[in-house]
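Take a look at the structure set out below.
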Amino acid sequence: MRKNKILVVDDSRLYRITATDILANEYDIVEAQNGLQALEILKNEKIRAFTVAIILDLMMPVMDGYEFLEEFHKEEKYKNIPVIVATSEDRQENEKRCLQYGVWDFVRKPYDPDILRMRIVNAAKRAWVQSMEHDPLTGVYNKQKLYQSMRELIDRNRDKEFAYIQIDIERFRMINTFYGMAEGDRLLCFFAQVIREVMWDYEDCCYGRISGDIFGICMLRDEEKINFIEETVRKKLKKYKANYFINTTTGIYFIEDNRMEIPEICDKAAIAAKRCKNNYMIHKALYTREMSQVLIREQKIINEMDKALEKEEFVAYFQPKYDLNTMKPSGAEALVRWRKEDGKMVSPGEFIPIFESNGFIIELDYYMWERVCRFIRRELDEGHEVAPVSVNISRVNLYNPKFFESLVGLVEQYKIPPKYLHLELTESAFSDDAAMLQKTVDYLHKSGFTILMDDFGSGYSSLNLLKDINLDILKIDMKFLSKGSSTEKCEKIIAAVINMAEALNLPVIAEGVEEEAQMQLLKRLGCNYIQGYYFAKPMPEKDYLSLMKKENI
Ligand code: C2E
Ligand code: CA
Ligand code: CA
């Protein structure tokens with residue numbers, strides 16, 4: 001087994017030899033003649049990791065003990081290595097200054113062998129305890145120690161109110177991936193240092209690293225101070241030298257009951273922090289009960305989704321699209337509805353975002369495509385004319401390697417001529433990876449599908465996309481257009497989009513049309529199709545069929 005090491009830093013050869021004689025049985029002795037040499041030696045990780053103590057002389061040439069301590073003290077990774085200063089009776093040494101630099105202990109020269117041994121054993125024990133309580137990378141408390149300190153802090157002050165704050169770095173994983181683990185570590189150490197500096201003169205607080213890039217701070221409930229801390233951390237992190245942008249996410253929980261378990265407290269702050277994710281506008285959130293309720297609702301949906309699919313609780317509704325030339329329906333969009341056992345209908349706005357984040361949307365999309373294929377097949381079998389039906393393709397599916405295969409597989413299985421199936425891809429999906437999506441769209445196109453760009457105008461890259469991607473129909477959503485802008489401006493935008501689409505030979509569908517005036521305007525501007533409550537709401541399959549029959553289609 002490897003022996004633990006003692007670093008003896010002394011310019012006197014005699015004292016180095018005496019220390020070696022006393023300690024060599026139990027330890028490997030590494031010698032340095034001055035502070036500079038000692039710092040060099042400590043840079044070697046293999047030596048550092050096994051160094052259980054440093055015996056430091058103060059008066060030395062080149063770099064004396066004080067200068068050494070000053071440098072040594074700066075490095076977080078040296079924090080767990082005890083320094084024992086060797087003092088001589090005939091010299092006036094400044095113990096106070098040493099203690100300020102975090103020196104652990106002193107030993108008198110000439111050495112008394114037993115005392116020297118005991119001091120080393122004591123220091124090593126303390127260092128071991130310390131290393132168990134501190135995060136080895138950043139030197140702040142680790143999770144266990146933070147939890148324990150929080151418990152003690154709160155229990156000591158039962159009559160006071162506390163807050164717990166969780167701070168993390170946004171997209172830290174991406175920084176790790178793109179810039180490497182070493183860079184990630186460097187940033188984390190900087191982050192810890194920033195927190196340490198900010199918290200320096202607060203009393204009744206504790207902080208530490210919970211995991212990964214998540215740090216936690218527990219302090220007295222003082223909104224002003226908390227805001228100050230959050231802002232200062234953000235400001236200081238911005239100064240970090242790196243060629244990427246650093247943002248933080250902060251979740252705050254005002255501890256309601258001091259008897260609460262610590263993990264529960266931390267969970268609440270984490271729930272609040274989650275609120276800020278993927279939202280460039282918010283970077284700080286205070287926990288509210290409502291957040292937990294949202295989470296519980298989400299969890300309920302997740303718990304029920306597999307069963308619901310199995311029991312065919314998801315149903316396809318059809319919303320007709322009207323041709324503005326003939327004023328008759330010319331097809332429909334299939335929209336999912338969740339019909340619960342008790343007959344209650346849940347709208348997709350409640351569950352689609354959840355399914356998009358947990359991947360279940362891939363199964364649900366497939367289920368909907370199959371429903372629609374089955375519907376078209378039956379119509380064809382019964383000898384009816386069939387108007388095309390469009391299905392939604394979630395952006396998540398565009399990253400699914402089996403997407404193309406499963407869609408084409410369905411169409412083949414049900415022997416559906418692809419012209420009956422229109423595919424709606426939402427515009428925002430294209431901002432992710434335009435080149436990859438372009439390829440996907442090309443494939444789909446070659447297989448005979450008609451591609452609609454859904455929610456055109458809601459994203460930012462719309463115009464660029466038009467030149468690169470092979471589309472067949474543009475779908476503009478009136479909801480996006482009317483949000484916060486004047487009617488006059490909206491009209492101009494719609495007119496411009498329709499003109500441009502015309503120039504590119506792309507038909508336009510306007511969606512979300514609720515009023516006569518909107519319909520008239522769109523008609524005047526040359527829009528081709530309309531989908532909206534003005535004509536019809538999404539409806540069950542049989543209603544859609546009877547509508548089509550009535551209209552003789
Ligand atoms: P979307 O694809 O943009 O669908 C249009 C939404 O606008 C539908 O909401 C439709 O009911 C609604 N709508 C249509 N006309 C009007 C109108 O005149 N006024 C108003 N206020 N709303 C109108 P819905 O059915 O609640 O669906 C919401 C979103 O959920 C859809 O937006 C789509 O992104 C997603 N979604 C629905 N079904 C599916 C599906 O089967 N698969 C996937 N991946 N997403 C789906
Ligand atoms: Ca759609
Ligand atoms: Ca849409």
Side-chain angles (χ1 to χ4, degrees), residues 308-339 345 347-348 361-394 397 403-425 444-454 471-473 475 507-511 513 528-553:
L309 193 71
E310 221 172 84
K311 289 187 182 157
E312 309 198 344
E313 285 180 17
F314 294 105
V315 287
Y317 267 44
F318 294 78
Q319 185 177 32
K321 300 176 180 177
Y322 281 75
D323 185 332
L324 277 177
N325 278 323
T326 60
M327 298 298 263
K328 281 186 187 299
S330 66
E333 172 177 9
L335 292 157
V336 68
R337 296 291 176 267
W338 185 345
R339 188 165 54 206
M345 296 297 253
S347 78
I361 192 71
I362 302 222
E363 286 174 65
L364 183 63
D365 269 0
Y366 184 86
Y367 175 91
M368 285 292 287
W369 308 334
E370 176 158 38
R371 292 274 128 162
V372 171
C373 284
R374 233 188 261 177
F375 165 77
I376 296 175
R377 181 74 261 150
R378 211 183 48 231
E379 287 302 294
L380 289 172
D381 287 348
E382 288 176 8
H384 299 150
E385 268 298 337
V386 175
V389 178
S390 67
V391 292
N392 288 288
I393 309 233
S394 161
N397 241 317
F403 160 57
F404 187 71
E405 192 187 311
S406 50
L407 181 67
V408 172
L410 266 179
V411 170
E412 281 170 0
Q413 184 192 337
Y414 286 92
K415 298 197 180 60
I416 309 281
K419 66 170 179 183
Y420 292 123
L421 201 60
H422 288 189
L423 309 178
E424 298 198 4
L425 293 165
L444 294 170
H445 228 217
K446 281 194 192 109
S447 314
F449 294 106
T450 300
I451 318 285
L452 284 80
M453 187 182 276
D454 204 355
L471 296 164
D472 303 290
I473 300 174
K475 201 164 178 186
V508 175
I509 300 182
E511 167 174 50
V513 178
N528 314 82
Y529 303 94
I530 274 184
Q531 177 185 343
Y533 295 174
Y534 173 70
F535 282 115
K537 287 195 172 179
M539 56 187 81
E541 182 183 307
K542 68 175 192 339
D543 295 354
Y544 172 61
L545 279 175
S546 48
L547 173 85
M548 296 304 261
K549 211 175 201 168
K550 197 176 87 203
E551 297 276 4
N552 263 333
I553 299 164

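Below, each value reflects all heavy atoms present in this structure, side chains not excepted, and no hydrogens, waters or symmetry copies.
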Without swapping roles, check the side chain of Tyr367 against the backbone of Phe314 for a donor-acceptor pair under 3.5 Å.
-> yes

Would you mind reporting whether Phe449 and Val411 have side-chain heavy atoms less than 4.5 Å apart?
-> yes

Which heavy-atom pair separates Val391 from Ala334 by the least distance, and what is that distance?
-> CG1-CB, 4.5 Å

Residues in ring pair (Phe, Tyr, Trp, His ring centres under 6.0 Å) contact with Tyr317, at least two apart in sequence or another chain | none

Non-hydrogen atoms of His445 and Ile451 that approach each other most closely = CD2-CG1, 3.7 Å

dist Ile416:CD1 -> Leu410:CG (nearest 0.5 Å) comes out at 9.0 Å

Are side-chain N/O atoms of Ser390 and Lys321 paired as donor and acceptor at under 3.5 Å?
-> yes

How long is the gap from OH on Tyr420 to CG on Leu380, to the nearest 0.5 Å?
-> 5.5 Å

Atom NZ of Lys415 and atom SG of Cys373: how far apart are they, to the nearest 0.5 Å?
-> 12.5 Å

Might you work through the side-chain contact (heavy atoms from CB on, under 4.5 Å) test for Gln413 and Arg377, ending with a clear yes or no?
-> CA-CA 10 Å; Gln413 184 192 337; Arg377 181 74 261 150; over 6 Å; no

side-chain contact (heavy atoms from CB on, under 4.5 Å) assessment of Glu379 paired with Met548 | CA-CA 12 Å; Glu379 287 302 294; Met548 296 304 261; over 6 Å; no

Once you round to the nearest 0.5 Å, how far does CG of Leu452 lie from CG of Asp472?
-> 7.5 Å

For the side chain of Asp365 and the backbone of Ser394, is there at least one donor-acceptor N/O pair under 3.5 Å apart?
-> yes

What pair of heavy atoms forms the shortest contact from His422 to Pro388, and how long is it?
-> NE2-CB, 3.4 Å

Is the CD atom of Glu382 crowded by more than 12 outside heavy atoms at less than 6.0 Å?
-> yes

Which pair of heavy atoms, one from Met368 and one from Val315, lies closest together, and at what distance?
-> SD-O, 4.3 Å

What is the ring orientation for Tyr544 with Phe318, classed by angle as parallel under 30°, tilted 30 to 60°, or perpendicular over 60°?
-> parallel

CE of Met345 to CZ of Arg339, rounded to nearest 0.5 Å, is 5.5 Å

Would you say the side chain of Asn397 lies within less than 4.5 Å of the side chain of Ile361, judging by non-hydrogen atoms?
-> no

Where do Glu370 and Tyr414 land on the side-chain hydrogen bond (donor to acceptor under 3.5 Å, both in side chains) test, with the steps shown first?
-> CA-CA 9 Å; Glu370 176 158 38; Tyr414 286 92; 2.5 Å; yes

Could you go step by step and tell me if Glu541 and Arg378 meet the salt bridge (charged side-chain N to carboxylate O under 4.0 Å, His left out) rule?
-> CA-CA 12 Å; Glu541 182 183 307; Arg378 211 183 48 231; 2.4 Å; yes

So, for Pro320 and Lys537, which heavy atoms are closest and what is the spacing to 0.1 Å?
-> CD-O, 4.1 Å

Scan residues 542-553 for pairs that pass salt bridge (Lys or Arg N to Asp or Glu O under 4.0 Å), counting only residues two or more places apart or in two chains.
-> Lys328-Glu551

Can you find a pair of side-chain heavy atoms, one from Asp454 and one from Ile393, that are under 4.5 Å apart?
-> no

Phe403 and Leu444: CA distance, side-chain angles, deciding distance, side-chain contact (heavy atoms from CB on, under 4.5 Å) verdict = CA-CA 10 Å; Phe403 160 57; Leu444 294 170; 4.1 Å; yes

Roughly how far, to the nearest 0.5 Å, is CD1 of Ile509 from CD of Glu424?
-> 6.5 Å

Should Phe535 and Gln319 count as side-chain neighbours, where that means a heavy-atom distance under 4.5 Å?
-> no

